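What follows is a single structure, written as structure tokens, with notes after it.
Small disclaimer: the values here were computed from a predicted structure and weren't measured. First the proteins, then the strands, lettered A, B, ... as listed; each starts at 1.
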Protein chains: 2
Amino acid sequence: MSMSLPLLTPTETVACCSPLLKQPIGADEAIRIAPLLKALADPVRLRLLSLVASHADQEACVCDLNDAFDLSQPTISHHLKVLHEVGLLDRSKRGVWVYYRVRAEALSALGTLLGGVVA
Amino acid sequence: MSMSLPLLTPTETVACCSPLLKQPIGADEAIRIAPLLKALADPVRLRLLSLVASHADQEACVCDLNDAFDLSQPTISHHLKVLHEVGLLDRSKRGVWVYYRVRAEALSALGTLLGGVVA
DNA sequence: TGTAAATATTGACATGTGTCTATGTCCGTG
DNA sequence: CACGGACATAGACACATGTCAATATTTACA
């Protein structure tokens, strides 16, 4: 957290468009970030995240998600677990149902790292 | 759209897409984007990308990169190939040396997809 | 209490991935 | 032309990952 880099040479300024590109990332930092990207780097999980976020109240129960894929229930459950474990999805149980919700801060932190700008 | 999206590289796909959270991403779209994230989802490749971008002129030759890691030369070559194949690194050979350069648009497109904002 | 529904966990399997050593290819130089 | 250096490719191997069927767990309700 919190690396402030005040003085930039012209070259550095040009290079600057994302924290990743501003300066060499540390080995430990890379090890910490990679699992987040790895969790996202699957088509099913990308769709799951997007589906949950697009759902009413930005949350969805597993029953809704299962129907959206041609995959077994345990497989969906597995993917949700992966996203939850890296902190991209919040999980709350209400009765028999389990609801997942996107942790937008986590996602946008990743986006910022890569240098994106919201349209 | 939907005229013909057959021949889009992963990079092109990301470049034109709305943020992941605004609407459910399509299955085909997810399949094209995931490889980009997968290429990034490795600590060594994250550092490679960052190192290349931080280098003078935003490009680096393999000889420089090899020294920065405690890995064999073929392993580094492999990772660079992965990053190159998804369009995150440009490659140019000059004499005996090969120089890699970050394709910043590709990265920032990904960032935008995830909803990040440059600080 | 017993049964059914919603999720999670387990175990198995095929496939993918990161790494290495060994070898190949391309290029400059003597 | 031959040699050496820079980088890529091939093959091998251990380990991780995505998927499923089977089973367990939790909860509501008759």
Salt bridge (charged side-chain N to carboxylate O under 4.0 Å, His left out) partners of residues 76-98 of chain A, not counting sequence neighbours, each pair once: E59(A)-R94(A)
Contacts of type side chain to side chain contact (heavy atoms under 4.5 Å, CB included), residue V96(A), not counting sequence neighbours: none
Axis bend over the full length of the helix from dT1(C)-dA30(D) to dG30(C)-dC1(D), computed from five pairs that close each end, to 10 degrees: 10°
Side chain to side chain contact (heavy atoms under 4.5 Å, CB included), paired with L36(A), selected from L88(A), L107(A), L113(A): L88(A)
Close side-chain approach of I33(B) to L20(B), heavy-atom, < 4.5 Å: no
Straight-line distance of D64(A) CG to I76(A) CD1, nearest 0.5 Å: 12.0 Å
Reading 5' to 3' through nucleotides 4-17 of chain D, protein heavy-atom contacts under 4.0 Å coded B for base, S for sugar-phosphate only, - for none: -BSBBB-------S
Minimum heavy-atom distance A30(B)-P43(A), with the two atoms named: CB-O, 3.6 Å
Integer-rounded Å distance: dG18(D) P and I31(B) CD1: 14 Å
Residue pair A41(B) / A41(A): nearest heavy atoms and the distance that separates them: CB-CB, 4.4 Å
Shortest non-hydrogen contact between V86(B) and P35(B), atoms and distance: CG1-O, 3.9 Å
Nearest-nucleotide comparison on DNA chain D, the residue closer to the 5′ end among A41(A) and G95(A): A41(A)
Results of side chain to side chain contact (heavy atoms under 4.5 Å, CB included) for Q73(A) - residues two or more places apart only: N66(A), S77(A)
Of R45(A), R47(A), H84(A), the residue whose pairing with H79(A) passes side-chain hydrogen bond (donor to acceptor under 3.5 Å, both in side chains): R45(A)
Nucleotide interval of DNA chain C bounded by contacts with chain A (heavy-atom cut-off, under 4.0 Å): dA6(C) to dT9(C)
